[in-house]
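Below you'll find the structure, written out as structure tokens, and then a few comments.
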Amino acid sequence: MSLISSAYAAEAAPQGGGFEMLIMLGMFAVIFYFMIYRPQAKRAKEHKNLMSSMGKGDEVLTNGGLIGKITKIAEDNDYIAIALNDNNEVVIKKDFITAVLPKGTLKSL
């Protein structure tokens with residue numbers, strides 16, 4: 001008989017953890033923000049500033065590894081023409097520019 005009454009008493013014990021669970025979820029949200037979201041947003045903002053600062057005559061590097069000089073910029077559809085050398089010119093989307101290189105980089109290659 002005492003075994004049954006002690007089993008009921010163990011079930012009736014209050015179980016905490018609701019507030020602790022909310023604190024843990026809040027900590028995970030903070031970690032997610034500082035380790036994932038914030039750096040990604042910062043990189044996106046820097047890339048957007050890079051794309052808006054490009055001008056005709058800038059030497060650029062594409063994410064495909066091509067290095068060339070900007071010859072035309074189409075403002076309406078976000079495409080640019082890049083001269084790879086005197087004979088070759090390619091048209092790519094602005095999003096594929098990785099970096100604007102210092103002047104004279106093409107001559108040094």
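Taking NE2 of His47 as the start and OG of Ser52 as the end, the distance is 10.5 Å to the nearest 0.5 Å.
Hydrophobic side-chain contacts under 4.5 Å tie Ile70 into a cluster, directly or through other members, with Leu50, Met51, Met54, Val60, Leu66, Ile73, Ile80, Ile82, Leu84, Val90, Ile92, Phe96, Ile97, Val100. If you chain together ILVMFWY residues whose side-chain heavy atoms come under 4.5 Å of each other, Val91 ends up grouped with Tyr79.
Within the structure, side chain to side chain donor-acceptor pair (under 3.5 Å) contacts touching residues 80-100 (residues at least two apart or in different chains) are Thr71-Glu89. Within the structure, the salt bridge (charged side-chain N to carboxylate O under 4.0 Å, His left out) test picks out no pair touching residues 33-47 (sequence neighbours left out).
Hydrophobic clustering places Tyr33 together with Val30 (ILVMFWY residues linked when any side-chain heavy atoms are closer than 4.5 Å, directly or through intermediates). No continuous path of ILVMFWY side-chain contacts below 4.5 Å connects Phe28 to Met21, so the two sit in separate hydrophobic clusters. Under the 4.5 Å side-chain heavy-atom criterion for ILVMFWY residues, a single connected hydrophobic cluster contains both Phe32 and Phe34.
Considering only residues two or more places apart in sequence or on other chains, Lys103 meets the salt bridge (charged side-chain N to carboxylate O under 4.0 Å, His left out) condition with Asp58.
Side-chain atoms of Glu59 come within 3.5 Å of backbone atoms of Thr105 as a donor-acceptor pair (strictly under, hydrogens ignored).
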